There are 2 protein chains.
Amino acid sequence: MALAAASAILAQQGLEALSTRKVAKAIGYTVGTLYLVFKNLDELILHLNAATLKELESMLKAESTKHPRPHEVLHGIARVYCDYAKHQRARWSLLFTHQLAPGSQVPAWFDLMVRELFAIIEAPLQAIKANTSHSERARVARALWGGVHGVCELALSDKLKWGEQVTTESVVEVLVENFLAGLGQH
Amino acid sequence: MALAAASAILAQQGLEALSTRKVAKAIGYTVGTLYLVFKNLDELILHLNAATLKELESMLKAESTKHPRPHEVLHGIARVYCDYAKHQRARWSLLFTHQLAPGSQVPAWFDLMVRELFAIIEAPLQAIKANTSHSERARVARALWGGVHGVCELALSDKLKWGEQVTTESVVEVLVENFLAGLGQH
DNA sequence: TAAATTTATTGAACAGCGTTCATAAAGTCA
DNA sequence: TGACTTTATGAACGCTGTTCAATAAATTTA
């Protein structure tokens with residue numbers, strides 16, 4: 001209930017509007033009660049982020065099966081990723097904006113979810129470049145995905161300051177296209 | 001004074017610790033006075049970000065002159081960018097974390113600074129691929145830089161979940177290397 | 001110099017935030 | 001019914017951004 005309410009607040013009122021009191025009120029309880037379910041707001045956000053990761057994962061996996069060739073798979077999931085970021089802006093932002101308190105670290109099960117997401121990208125990369133070491137494949141996947149993510153982030157927050165005929169999709173396209181072309185060359 | 005104090009707070013106590021009261025106290029004034037200088041916290045941050053952009057610009061420009069070949073220039077400034085992000089974490093984060101209130105938009109002089117930063121990246125790209133249209137060059141520069149930025153961001157906030165032998169620099173290296181290789185191919 | 005006016009500064013106030021905790025209500029079992 | 005456990009409350013604390021009438025200081029005018 002709390003997670004659904006939080007998700008709704010994010011969708012309707014944005015990142016900044018998310019607060020324990022609003023979530024509590026939305027589900028008909030008081031703040032104190034919410035703190036019996038979640039240790040603190042960070043933990044609530046963590047679980048919300050987990051749900052977001054799950055959603056993203058299923059969407060990317062679905063897209064993966066649509067294309068026969070690995071290049072198309074990567075272009076496809078990049079596009080899906082951008083779309084998700086655009087349409088679920090606040091929820092997506094929360095994934096990255098949220099930085100946990102210094103000292104504490106993300107639980108292992110969350111780490112695992114992230115790794116599984118990266119596995120979706122590593123698979124077609126493996127198909128493009130076979131016989132690469134595990135760490136090399138991880139490096140390439142993270143370079144590509146960090147890249148796609150960065151373009152989405154800057155584009156959505158309007159920080160790339162491009163002209164009008166330049167769209168987010170076309171920039172992501174350029175990034176993936178050139179990266180994969182370069183990858184095939186080596 | 002206020003900007004210097006804010007910068008110090010960011011460096012010593014991190015992003016979250018930045019508040020109008022702390023800045024005011026640090027310069028020996030009360031909150032009210034600070035609001036006579038800046039309309040609100042957003043405006044203070046805007047000016048702080050402008051200073052950050054200036055600093056970044058001069059560092060990237062300095063690095064640009066160090067290398068004769070455009071490939072080396074781009075690798076060099078990518079490295080400088082990562083270093084800056086790593087060592088001035090909070091200030092750098094503030095550049096991107098900070099999202100202005102809905103409706104209002106960044107002033108024109110700030111936009112111009114961003115465009116000038118991108119010009120530093122567009123120059124070596126122009127050398128690599130001459131005879132490309134203005135908008136195409138803008139697209140390529142933003143794809144590359146969005147990418148480098150994304151890798152830095154995810155790496156610094158520890159969200160890429162790679163193994164231990166994978167460093168931030170090596171991932172950025174992979175991204176730039178492959179992108180430029182692909183660019184040369186087309 | 002004295003008064004008038006402008007400028008600079010204050011500090012209290014408001015609403016909201018995350019978080020805690022003694023208190024109270026509701027449910028369970030003997 | 002009484003004892004015990006679970007569930008929920010709401011007031012409180014210290015923090016946040018922001019505003020604004022009141023005050024102090026500096027400057028200008030008479």
Side-chain angles (χ1 to χ4, degrees), chain A residues 1-51 90-91 93-107 110 157, chain B residues 1-51 90-91 93-107 110 157:
Chain A
M1 278 167 61
L3 293 180
S7 180
I9 290 171
L10 280 181
Q12 288 156 23
Q13 302 173 250
L15 249 189
E16 326 264 89
L18 183 65
S19 77
T20 52
R21 283 179 171 84
K22 278 186 187 166
V23 171
K25 175 174 278 184
I27 59 178
Y29 285 90
T30 359
V31 233
T33 308
L34 197 61
Y35 277 84
L36 296 176
V37 183
F38 298 102
K39 212 178 68 198
N40 49 34
L41 182 58
D42 270 19
E43 200 178 286
L44 191 157
I45 291 178
L46 184 77
H47 284 89
L48 199 55
N49 282 346
R91 261 186 85 160
S93 287
L94 197 62
L95 264 182
F96 307 101
T97 297
H98 178 245
Q99 47 214 19
L100 27 82
S104 65
Q105 55 181 351
V106 162
F110 193 89
S157 57
Chain B
M1 279 167 61
L3 293 180
S7 179
I9 290 171
L10 279 181
Q12 289 155 23
Q13 302 172 251
L15 250 188
E16 325 263 270
L18 183 65
S19 78
T20 52
R21 282 179 172 85
K22 277 186 188 167
V23 171
K25 175 174 275 183
I27 59 177
Y29 284 90
T30 3
V31 235
T33 309
L34 198 60
Y35 276 84
L36 296 176
V37 183
F38 299 102
K39 212 178 67 197
N40 50 33
L41 182 59
D42 270 18
E43 199 178 286
L44 192 156
I45 291 178
L46 184 77
H47 284 91
L48 200 57
N49 282 346
R91 263 188 81 161
S93 289
L94 197 61
L95 265 182
F96 307 101
T97 297
H98 177 245
Q99 45 214 22
L100 25 82
S104 66
Q105 56 182 350
V106 163
F110 192 90
S157 58

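So you know, we letter chains A, B, ... as the sequences are listed, proteins then strands, and number each from 1. Keep in mind that what you see is a predicted model, and the values were worked out from it rather than measured.
When all heavy atoms of A:Lys39 and A:Glu43 are compared, the closest pair comes out as CB-OE1, 3.2 Å.
As rounded to whole Å, 15 Å separates atom C1' of C:dT10 from atom NZ of B:Lys25. Summarising the geometry, the separation between CG on A:Asp42 and P on C:dG18 is reported as 11 Å, rounded to the nearest angstrom. If you take CG of A:Leu46 and P of C:dG18, they are 17 Å apart, rounded to a whole angstrom. Protein atom CD of A:Glu43 is 14 Å distant from nucleotide atom C1' of C:dG18, rounded to whole Å.
B:Thr30 has its side chain out of reach of B:Arg21: every pair of non-hydrogen atoms, C-beta onward, lies at least 4.5 Å apart.
Looking at residues 2-10 of chain B, you'll see that no heavy atom sits under 4.0 Å from any atom of DNA chain D.
The CG atom of A:Asn49 sits 5.0 Å away from the CZ atom of A:Phe110 when rounded to the nearest 0.5 Å. If you take NE2 on B:His98 and CG on B:Leu41, they are separated by 7.0 Å, rounding to the nearest 0.5 Å.
A:Ser19 places a side-chain N or O within 3.5 Å of a backbone atom of A:Lys22 that can act as its donor or acceptor partner.
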Could you go through A:Thr20 and A:Asn40, starting from their C-alpha distance and side-chain angles, then the distance that decides it, and tell me whether this counts as side chain to side chain contact (heavy atoms under 4.5 Å, CB included)? CA-CA 9 Å; A:Thr20 52; A:Asn40 49 34; over 6 Å; no
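Environment of CD in A:Gln13: crowded, with over 12 heavy atoms of neighbouring residues, nucleotides or ligands closer than 6.0 Å.
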Using a 4.0 Å heavy-atom cut-off, write out nucleotides 6-17 of chain D from 5' to 3' as B (base contacted by protein), S (sugar-phosphate only) or - (no contact). --BBB-B---BB
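With B:Leu3 as the fixed residue, the side-chain contact (heavy atoms from CB on, under 4.5 Å) test singles out one of B:Val23, B:Ile45, B:Leu44: B:Leu44.
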